[in-house]
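Each remark here refers to the structure printed beneath this line.
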Number of protein chains: 2
Amino acid sequence: MNELLALDNQICFSLYAANRAITSRYRPLLAELGLTYPQYLVMLVLWERASANQPTRVSDLGTRLRLDSGTLTPLLKRLALRGLIHRERRQDDERVVTISLTDEGAGLREQAAQVPQKLLCGLDVSPERLLALRHELNAVLKAIEAQEVEEEPSG
Amino acid sequence: MNELLALDNQICFSLYAANRAITSRYRPLLAELGLTYPQYLVMLVLWERASANQPTRVSDLGTRLRLDSGTLTPLLKRLALRGLIHRERRQDDERVVTISLTDEGAGLREQAAQVPQKLLCGLDVSPERLLALRHELNAVLKAIEAQEVEEEPSG
DNA sequence: TCAAATTAAGTTGTGTGCAATATAAATGTC
DNA sequence: GACATTTATATTGCACACAACTTAATTTGA
(Lines give C-alpha, C1' and ligand atoms only; values in the text may rest on other atoms or scores of the structure.)
Protein backbone atom coordinates (compact mmCIF):
# COMPACT_ATOMS: atom_id res chain seq x y z
CA MET A 1 0.00 0.00 0.00
CA ASN A 2 2.45 2.56 -1.27
CA GLU A 3 0.68 5.81 -0.46
CA LEU A 4 2.90 7.71 -2.84
CA LEU A 5 1.48 5.70 -5.72
CA ALA A 6 -2.17 6.15 -4.78
CA LEU A 7 -3.98 7.76 -7.70
CA ASP A 8 -5.61 10.32 -5.43
CA ASN A 9 -2.21 11.44 -4.21
CA GLN A 10 -0.91 12.24 -7.66
CA ILE A 11 -0.90 15.91 -8.46
CA CYS A 12 -0.56 14.91 -12.08
CA PHE A 13 -3.88 13.09 -12.03
CA SER A 14 -5.67 16.04 -10.49
CA LEU A 15 -4.30 18.22 -13.27
CA TYR A 16 -5.13 15.67 -15.94
CA ALA A 17 -8.70 15.18 -14.77
CA ALA A 18 -9.41 18.84 -14.06
CA ASN A 19 -8.05 19.88 -17.43
CA ARG A 20 -10.24 17.41 -19.29
CA ALA A 21 -13.26 18.32 -17.19
CA ILE A 22 -12.85 22.03 -17.92
CA THR A 23 -12.23 21.36 -21.58
CA SER A 24 -15.40 19.32 -21.79
CA ARG A 25 -17.33 22.31 -20.40
CA TYR A 26 -15.88 24.53 -23.10
CA ARG A 27 -16.58 22.06 -25.91
CA PRO A 28 -20.30 22.78 -26.47
CA LEU A 29 -19.74 26.55 -26.22
CA LEU A 30 -16.90 26.43 -28.72
CA ALA A 31 -18.82 24.12 -31.01
CA GLU A 32 -21.23 27.01 -31.54
CA LEU A 33 -18.28 28.95 -32.93
CA GLY A 34 -17.09 25.98 -34.93
CA LEU A 35 -13.87 25.76 -32.94
CA THR A 36 -12.08 23.04 -31.03
CA TYR A 37 -10.42 23.95 -27.79
CA PRO A 38 -6.83 24.25 -29.12
CA GLN A 39 -8.16 26.20 -32.11
CA TYR A 40 -9.82 28.57 -29.62
CA LEU A 41 -6.49 29.10 -27.86
CA VAL A 42 -4.83 29.93 -31.18
CA MET A 43 -7.59 32.40 -31.97
CA LEU A 44 -7.17 34.03 -28.53
CA VAL A 45 -3.51 34.66 -29.31
CA LEU A 46 -4.30 35.98 -32.77
CA TRP A 47 -7.00 38.34 -31.48
CA GLU A 48 -4.67 39.58 -28.78
CA ARG A 49 -1.80 40.25 -31.16
CA ALA A 50 -3.99 41.73 -33.85
CA SER A 51 -5.35 44.35 -31.47
CA ALA A 52 -1.74 45.25 -30.64
CA ASN A 53 -0.88 45.32 -34.37
CA GLN A 54 1.64 42.55 -33.89
CA PRO A 55 2.13 40.28 -36.91
CA THR A 56 2.13 36.62 -35.90
CA ARG A 57 4.37 33.85 -37.12
CA VAL A 58 3.78 30.17 -36.57
CA SER A 59 6.64 30.16 -34.11
CA ASP A 60 5.04 33.00 -32.10
CA LEU A 61 2.00 30.81 -31.57
CA GLY A 62 4.30 27.95 -30.64
CA THR A 63 6.14 29.99 -28.04
CA ARG A 64 2.96 31.34 -26.50
CA LEU A 65 1.04 28.08 -26.43
CA ARG A 66 4.01 25.74 -25.99
CA LEU A 67 3.13 23.85 -29.15
CA ASP A 68 5.38 22.78 -32.01
CA SER A 69 4.82 22.89 -35.75
CA GLY A 70 3.76 19.25 -35.75
CA THR A 71 0.66 20.33 -33.86
CA LEU A 72 0.24 23.83 -35.22
CA THR A 73 0.66 23.27 -38.96
CA PRO A 74 -2.35 20.97 -39.42
CA LEU A 75 -4.42 22.99 -36.92
CA LEU A 76 -3.69 26.22 -38.81
CA LYS A 77 -4.54 24.54 -42.09
CA ARG A 78 -7.95 23.70 -40.68
CA LEU A 79 -8.50 27.27 -39.48
CA ALA A 80 -7.51 28.51 -42.94
CA LEU A 81 -9.90 26.02 -44.56
CA ARG A 82 -12.64 27.39 -42.29
CA GLY A 83 -11.83 30.86 -43.60
CA LEU A 84 -10.76 32.31 -40.24
CA ILE A 85 -7.10 32.96 -41.04
CA HIS A 86 -4.64 33.50 -43.88
CA ARG A 87 -1.31 31.68 -44.08
CA GLU A 88 1.32 33.46 -46.09
CA ARG A 89 5.05 32.93 -46.63
CA ARG A 90 6.95 36.06 -45.86
CA GLN A 91 8.58 37.70 -48.89
CA ASP A 92 11.86 38.68 -47.27
CA ASP A 93 12.31 35.34 -45.46
CA GLU A 94 10.59 32.45 -47.11
CA ARG A 95 11.11 30.14 -44.15
CA VAL A 96 8.58 32.13 -42.16
CA VAL A 97 4.82 31.75 -42.42
CA THR A 98 2.78 34.70 -41.24
CA ILE A 99 -0.69 34.09 -39.83
CA SER A 100 -3.29 36.81 -40.12
CA LEU A 101 -6.99 37.00 -39.36
CA THR A 102 -9.57 37.19 -42.11
CA ASP A 103 -12.54 39.49 -41.56
CA GLU A 104 -14.53 36.47 -40.50
CA GLY A 105 -11.80 35.43 -38.07
CA ALA A 106 -11.60 38.91 -36.58
CA GLY A 107 -15.38 39.08 -36.37
CA LEU A 108 -15.63 35.83 -34.48
CA ARG A 109 -14.11 37.58 -31.48
CA GLU A 110 -17.41 39.17 -30.57
CA GLN A 111 -19.13 35.83 -30.23
CA ALA A 112 -16.14 34.42 -28.40
CA ALA A 113 -16.35 37.21 -25.87
CA GLN A 114 -19.43 35.49 -24.46
CA VAL A 115 -17.61 32.24 -23.75
CA PRO A 116 -15.79 33.02 -20.47
CA GLN A 117 -18.91 34.29 -18.70
CA LYS A 118 -21.02 31.44 -19.98
CA LEU A 119 -18.46 29.04 -18.63
CA LEU A 120 -18.09 30.65 -15.22
CA CYS A 121 -21.74 31.13 -14.49
CA GLY A 122 -23.07 27.74 -13.59
CA LEU A 123 -19.73 26.70 -12.16
CA ASP A 124 -20.06 26.52 -8.40
CA VAL A 125 -16.61 27.90 -7.60
CA SER A 126 -16.02 31.51 -6.65
CA PRO A 127 -14.07 33.72 -9.08
CA GLU A 128 -11.63 34.51 -6.27
CA ARG A 129 -10.87 30.85 -5.86
CA LEU A 130 -10.37 30.38 -9.59
CA LEU A 131 -8.06 33.36 -9.65
CA ALA A 132 -6.00 31.88 -6.82
CA LEU A 133 -5.89 28.55 -8.63
CA ARG A 134 -4.73 30.24 -11.80
CA HIS A 135 -1.90 31.94 -9.95
CA GLU A 136 -0.84 28.67 -8.36
CA LEU A 137 -0.88 26.86 -11.70
CA ASN A 138 1.17 29.60 -13.30
CA ALA A 139 3.71 29.38 -10.48
CA VAL A 140 4.06 25.63 -10.97
CA LEU A 141 4.31 26.06 -14.73
CA LYS A 142 7.04 28.64 -14.24
CA ALA A 143 8.93 26.35 -11.87
CA ILE A 144 8.81 23.50 -14.36
CA GLU A 145 9.91 25.64 -17.25
CA ALA A 146 12.72 27.18 -15.20
CA GLN A 147 13.92 23.65 -14.50
CA GLU A 148 13.94 22.80 -18.19
CA VAL A 149 16.20 25.74 -19.02
CA GLU A 150 18.46 24.84 -16.11
CA GLU A 151 18.90 21.31 -17.43
CA GLU A 152 19.69 22.36 -21.01
CA PRO A 153 22.38 24.99 -20.52
CA SER A 154 23.27 24.71 -24.18
CA GLY A 155 24.18 28.40 -24.40
CA MET B 1 -8.89 44.83 -25.59
CA ASN B 2 -11.33 42.49 -23.99
CA GLU B 3 -9.51 41.51 -20.80
CA LEU B 4 -11.76 38.52 -20.32
CA LEU B 5 -10.39 37.03 -23.54
CA ALA B 6 -6.72 37.60 -22.72
CA LEU B 7 -4.95 34.27 -22.85
CA ASP B 8 -3.25 34.90 -19.51
CA ASN B 9 -6.63 35.42 -17.87
CA GLN B 10 -7.99 32.04 -18.93
CA ILE B 11 -7.98 29.50 -16.15
CA CYS B 12 -8.35 26.88 -18.86
CA PHE B 13 -5.05 27.83 -20.46
CA SER B 14 -3.20 27.64 -17.15
CA LEU B 15 -4.60 24.15 -16.67
CA TYR B 16 -3.82 23.15 -20.23
CA ALA B 17 -0.24 24.39 -20.10
CA ALA B 18 0.51 23.11 -16.59
CA ASN B 19 -0.90 19.70 -17.41
CA ARG B 20 1.25 19.33 -20.50
CA ALA B 21 4.31 20.66 -18.68
CA ILE B 22 3.92 18.14 -15.84
CA THR B 23 3.24 15.33 -18.27
CA SER B 24 6.40 16.17 -20.19
CA ARG B 25 8.37 15.85 -16.93
CA TYR B 26 6.90 12.38 -16.40
CA ARG B 27 7.57 11.23 -19.94
CA PRO B 28 11.28 10.34 -19.65
CA LEU B 29 10.74 8.65 -16.26
CA LEU B 30 7.86 6.57 -17.60
CA ALA B 31 9.74 5.77 -20.78
CA GLU B 32 12.17 3.82 -18.59
CA LEU B 33 9.21 1.67 -17.56
CA GLY B 34 7.98 1.45 -21.15
CA LEU B 35 4.77 3.28 -20.27
CA THR B 36 2.99 6.33 -21.62
CA TYR B 37 1.37 8.67 -19.15
CA PRO B 38 -2.22 7.41 -19.56
CA GLN B 39 -0.91 3.84 -19.39
CA TYR B 40 0.78 4.77 -16.11
CA LEU B 41 -2.52 6.04 -14.72
CA VAL B 42 -4.21 2.78 -15.68
CA MET B 43 -1.45 0.83 -13.97
CA LEU B 44 -1.82 2.96 -10.82
CA VAL B 45 -5.48 2.00 -10.63
CA LEU B 46 -4.73 -1.65 -11.27
CA TRP B 47 -2.00 -1.77 -8.60
CA GLU B 48 -4.29 -0.03 -6.13
CA ARG B 49 -7.19 -2.39 -6.74
CA ALA B 50 -5.03 -5.50 -6.85
CA SER B 51 -3.63 -4.76 -3.39
CA ALA B 52 -7.21 -4.48 -2.17
CA ASN B 53 -8.14 -7.72 -3.97
CA GLN B 54 -10.67 -5.87 -6.10
CA PRO B 55 -11.20 -7.31 -9.57
CA THR B 56 -11.21 -4.60 -12.21
CA ARG B 57 -13.47 -4.21 -15.21
CA VAL B 58 -12.89 -1.88 -18.12
CA SER B 59 -15.72 0.27 -16.85
CA ASP B 60 -14.07 0.52 -13.40
CA LEU B 61 -11.05 2.07 -15.05
CA GLY B 62 -13.34 4.33 -17.02
CA THR B 63 -15.13 5.56 -13.91
CA ARG B 64 -11.94 6.17 -11.99
CA LEU B 65 -10.02 7.87 -14.80
CA ARG B 66 -13.01 9.46 -16.55
CA LEU B 67 -12.19 7.69 -19.79
CA ASP B 68 -14.47 5.80 -22.16
CA SER B 69 -13.97 2.52 -23.96
CA GLY B 70 -12.92 4.35 -27.09
CA THR B 71 -9.79 5.40 -25.25
CA LEU B 72 -9.37 2.43 -22.94
CA THR B 73 -9.85 -0.50 -25.31
CA PRO B 74 -6.86 0.25 -27.56
CA LEU B 75 -4.76 1.35 -24.58
CA LEU B 76 -5.47 -1.89 -22.75
CA LYS B 77 -4.67 -3.90 -25.85
CA ARG B 78 -1.25 -2.27 -25.91
CA LEU B 79 -0.67 -3.04 -22.23
CA ALA B 80 -1.67 -6.66 -22.90
CA LEU B 81 0.68 -6.80 -25.88
CA ARG B 82 3.44 -5.56 -23.60
CA GLY B 83 2.64 -8.44 -21.24
CA LEU B 84 1.61 -6.27 -18.29
CA ILE B 85 -2.07 -7.25 -18.09
CA HIS B 86 -4.57 -9.95 -19.03
CA ARG B 87 -7.90 -9.16 -20.67
CA GLU B 88 -10.57 -11.77 -20.10
CA ARG B 89 -14.31 -11.90 -20.78
CA ARG B 90 -16.19 -12.80 -17.65
CA GLN B 91 -17.92 -16.20 -17.74
CA ASP B 92 -21.15 -15.23 -16.02
CA ASP B 93 -21.57 -12.00 -17.99
CA GLU B 94 -19.91 -11.99 -21.35
CA ARG B 95 -20.37 -8.28 -21.85
CA VAL B 96 -17.79 -7.61 -19.16
CA VAL B 97 -14.02 -7.72 -19.70
CA THR B 98 -11.94 -8.20 -16.57
CA ILE B 99 -8.45 -6.72 -16.44
CA SER B 100 -5.83 -8.39 -14.26
CA LEU B 101 -2.11 -7.87 -13.75
CA THR B 102 0.42 -10.36 -15.02
CA ASP B 103 3.40 -11.07 -12.78
CA GLU B 104 5.40 -8.65 -14.85
CA GLY B 105 2.70 -6.01 -14.51
CA ALA B 106 2.53 -6.48 -10.75
CA GLY B 107 6.32 -6.42 -10.52
CA LEU B 108 6.58 -3.15 -12.37
CA ARG B 109 5.12 -1.44 -9.34
CA GLU B 110 8.44 -1.46 -7.52
CA GLN B 111 10.14 0.50 -10.26
CA ALA B 112 7.15 2.82 -10.53
CA ALA B 113 7.42 3.59 -6.83
CA GLN B 114 10.51 5.65 -7.63
CA VAL B 115 8.66 7.89 -10.06
CA PRO B 116 6.89 10.34 -7.72
CA GLN B 117 10.05 11.21 -5.75
CA LYS B 118 12.12 11.53 -8.88
CA LEU B 119 9.56 13.94 -10.24
CA LEU B 120 9.24 16.04 -7.11
CA CYS B 121 12.91 16.41 -6.37
CA GLY B 122 14.24 18.91 -8.82
CA LEU B 123 10.90 20.69 -8.96
CA ASP B 124 11.25 24.01 -7.22
CA VAL B 125 7.83 24.02 -5.57
CA SER B 126 7.28 23.02 -1.96
CA PRO B 127 5.31 19.81 -1.26
CA GLU B 128 2.92 21.86 0.86
CA ARG B 129 2.13 24.06 -2.07
CA LEU B 130 1.59 21.10 -4.36
CA LEU B 131 -0.70 19.54 -1.80
CA ALA B 132 -2.72 22.75 -1.60
CA LEU B 133 -2.89 22.89 -5.39
CA ARG B 134 -4.08 19.30 -5.55
CA HIS B 135 -6.88 20.04 -3.11
CA GLU B 136 -7.94 23.09 -5.10
CA LEU B 137 -7.94 21.13 -8.35
CA ASN B 138 -10.00 18.38 -6.79
CA ALA B 139 -12.50 20.94 -5.51
CA VAL B 140 -12.90 22.40 -9.00
CA LEU B 141 -13.18 18.96 -10.52
CA LYS B 142 -15.88 18.09 -8.02
CA ALA B 143 -17.75 21.31 -8.78
CA ILE B 144 -17.69 20.62 -12.51
CA GLU B 145 -18.81 17.06 -12.11
CA ALA B 146 -21.57 18.04 -9.71
CA GLN B 147 -22.81 20.46 -12.36
CA GLU B 148 -22.87 17.70 -14.95
CA VAL B 149 -25.12 15.52 -12.82
CA GLU B 150 -27.34 18.48 -12.09
CA GLU B 151 -27.84 19.13 -15.79
CA GLU B 152 -28.62 15.52 -16.67
CA PRO B 153 -31.20 14.57 -14.09
CA SER B 154 -32.12 11.53 -16.17
CA GLY B 155 -33.01 9.52 -13.04
C1' DT C 1 -41.93 -15.64 -22.82
C1' DC C 2 -40.22 -12.84 -25.87
C1' DA C 3 -39.55 -8.33 -27.79
C1' DA C 4 -37.83 -3.81 -26.17
C1' DA C 5 -34.66 -1.50 -23.48
C1' DT C 6 -30.39 -1.32 -21.25
C1' DT C 7 -25.61 -2.29 -20.56
C1' DA C 8 -20.56 -3.22 -21.67
C1' DA C 9 -17.17 -3.11 -24.66
C1' DG C 10 -15.48 -2.46 -29.35
C1' DT C 11 -15.00 0.23 -33.80
C1' DT C 12 -14.52 4.26 -36.69
C1' DG C 13 -13.29 8.81 -37.66
C1' DT C 14 -11.46 13.37 -36.42
C1' DG C 15 -8.29 16.33 -34.02
C1' DT C 16 -4.76 17.00 -31.22
C1' DG C 17 0.36 16.41 -28.90
C1' DC C 18 4.77 15.12 -29.62
C1' DA C 19 9.04 12.74 -31.26
C1' DA C 20 11.70 12.14 -35.22
C1' DT C 21 12.76 13.39 -39.55
C1' DA C 22 12.57 16.12 -43.90
C1' DT C 23 12.78 20.22 -46.68
C1' DA C 24 14.03 24.52 -47.87
C1' DA C 25 15.77 28.98 -46.96
C1' DA C 26 18.93 31.97 -44.64
C1' DT C 27 23.29 32.66 -42.20
C1' DG C 28 28.03 31.99 -40.98
C1' DT C 29 32.75 30.86 -42.17
C1' DC C 30 36.64 29.99 -44.44
C1' DG D 1 31.57 32.38 -53.35
C1' DA D 2 31.07 27.40 -51.96
C1' DC D 3 29.85 24.68 -48.10
C1' DA D 4 28.48 23.65 -43.37
C1' DT D 5 25.34 25.18 -39.89
C1' DT D 6 21.28 27.03 -38.26
C1' DT D 7 16.46 28.29 -38.53
C1' DA D 8 11.38 27.84 -39.71
C1' DT D 9 8.04 25.13 -41.07
C1' DA D 10 6.18 20.74 -42.84
C1' DT D 11 5.63 15.67 -42.79
C1' DT D 12 5.19 11.10 -40.75
C1' DG D 13 3.94 7.98 -37.31
C1' DC D 14 2.13 6.76 -32.89
C1' DA D 15 -0.91 7.28 -28.89
C1' DC D 16 -4.38 9.37 -26.85
C1' DA D 17 -9.48 11.73 -26.20
C1' DC D 18 -13.89 11.80 -27.56
C1' DA D 19 -18.19 11.67 -30.39
C1' DA D 20 -20.98 8.60 -32.84
C1' DC D 21 -22.09 4.24 -33.91
C1' DT D 22 -22.00 -0.99 -33.69
C1' DT D 23 -22.25 -5.50 -31.63
C1' DA D 24 -23.46 -8.65 -28.44
C1' DA D 25 -25.18 -9.98 -24.03
C1' DT D 26 -28.30 -9.26 -20.25
C1' DT D 27 -32.36 -7.37 -18.02
C1' DT D 28 -37.01 -5.68 -18.01
C1' DG D 29 -41.68 -5.89 -18.39
C1' DA D 30 -46.04 -6.35 -20.70
Side-chain angles (χ1 to χ4, degrees), chain A residues 12 16-28 30-31 34-43 55-63 65-82 87-99 148 154-155, chain B residues 12-13 15-28 30-31 34-43 55-63 65-82 87-99 148 154-155:
Chain A
C12 61
Y16 171 82
N19 178 48
R20 286 193 300 122
I22 281 270
T23 304
S24 74
R25 302 305 289 170
Y26 272 91
R27 197 168 297 118
L30 297 180
L35 294 175
T36 66
Y37 181 69
Q39 287 168 7
Y40 170 68
L41 295 179
V42 166
M43 294 301 289
T56 303
R57 309 159 8 140
V58 173
S59 60
D60 293 326
L61 294 169
T63 303
L65 300 172
R66 281 83 169 176
L67 293 170
D68 68 8
S69 68
T71 301
L72 286 172
T73 297
L75 187 158
L76 293 170
K77 282 184 178 174
R78 284 180 207 110
L79 288 181
L81 207 66
R82 261 219 60 205
R87 299 164 67 241
E88 209 169 3
R89 292 234 165 238
R90 222 169 64 185
Q91 294 285 332
D92 62 327
D93 186 342
E94 294 226 340
R95 292 171 304 180
V96 176
V97 169
T98 301
I99 307 296
E148 276 162 11
S154 60
Chain B
C12 62
F13 177 63
L15 265 173
Y16 171 81
N19 178 47
R20 286 191 302 121
I22 281 271
T23 305
S24 74
R25 302 306 288 170
Y26 272 92
R27 198 169 297 118
L30 298 179
L35 294 175
T36 66
Y37 181 70
Q39 287 168 8
Y40 169 69
L41 294 179
V42 166
M43 293 302 288
T56 303
R57 311 161 5 143
V58 173
S59 61
D60 293 326
L61 294 170
T63 303
L65 299 173
R66 280 83 168 174
L67 292 171
D68 68 8
S69 67
T71 300
L72 285 172
T73 298
L75 188 156
L76 293 170
K77 282 184 179 175
R78 283 179 210 113
L79 287 181
L81 207 66
R82 260 220 59 206
R87 299 164 66 241
E88 211 168 5
R89 290 229 167 245
R90 221 167 67 186
Q91 294 285 332
D92 62 327
D93 186 342
E94 296 226 340
R95 291 172 304 182
V96 176
V97 169
T98 301
I99 308 295
E148 277 161 12
S154 59

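With hydrogens and angles disregarded, a donor-acceptor distance shorter than 3.5 Å links the side chain of B/Thr36 to the backbone of B/Gln39. Between the side chain of B/Tyr37 and the main chain of A/Cys12, a donor-acceptor pair closer than 3.5 Å is present.
Taking five base pairs at each end of the helix from C/dT1-D/dA30 to C/dC30-D/dG1, the local helix axes there meet at an angle of 0°, rounded to 10°.
Every salt bridge (charged side-chain N to carboxylate O under 4.0 Å, His left out) that B/Arg82 has, sequence neighbours left out, goes to B/Glu104. Listed by chain and number, the residues in a side chain to side chain contact (heavy atoms under 4.5 Å, CB included) with A/Arg20 are A/Tyr16, B/Arg66, B/Leu67 (sequence neighbours excluded). Remark: B/Asp68 pairs with B/Thr71 by the side chain to side chain contact (heavy atoms under 4.5 Å, CB included) rule, at least two apart or across chains. Contacts of B/Arg87 classified as salt bridge (charged side-chain N to carboxylate O under 4.0 Å, His left out), with partners at least two apart in sequence or in another chain: none. For B/Ser69, the side-chain hydrogen bond (donor to acceptor under 3.5 Å, both in side chains) criterion is met by no residue, not counting sequence neighbours. A/Thr23 meets the side-chain hydrogen bond (donor to acceptor under 3.5 Å, both in side chains) test with no other residue; sequence neighbours excluded. Every side chain to side chain contact (heavy atoms under 4.5 Å, CB included) that A/Ser24 has, sequence neighbours left out, goes to A/Arg27, B/Glu148. Partners of A/Arg89 under the side chain to side chain contact (heavy atoms under 4.5 Å, CB included) rule, at least two apart in sequence or in another chain, are A/Val97.
Taking 4.0 Å as the cutoff to heavy atoms of chain A, we find the contact window on DNA chain D bounded by D/dT7 to D/dA19.
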Might you list the N or O atoms of the protein lying below 3.5 Å from N or O atoms in nucleotides 16-23 of chain C, with each pair's distance?
from   : atom 1 : to      : atom 2 : distance (Å)
C/dT16 : OP1    : A/Thr36 : OG1    : 2.7
C/dT16 : OP2    : A/Gln39 : NE2    : 2.7
C/dT16 : OP2    : A/Arg78 : NH1    : 2.9
C/dT16 : O5'    : A/Arg78 : NH1    : 3.3
C/dG17 : OP2    : B/Tyr16 : OH     : 2.6
C/dC18 : OP2    : B/Arg20 : NH1    : 2.6
C/dC18 : N4     : A/Gly70 : O      : 3.4
C/dA19 : OP1    : B/Arg27 : NH1    : 3.3

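Between the OH atom in B/Tyr40 and the CG atom in B/Leu35 there is a gap of 9.5 Å [rounded to 0.5 Å]. A distance of 9.0 Å separates CZ of A/Arg90 from CZ of A/Arg95, quoted to the nearest 0.5 Å.
Between B/Lys77 and the phosphate of C/dT11, there is a side-chain N or O to OP1/OP2 separation shorter than 4.0 Å.
In the region residues 90-98 of chain B, proximity to DNA chain C at under 4.0 angstrom, judged on heavy atoms, holds for B/Arg95, B/Val96, B/Val97.
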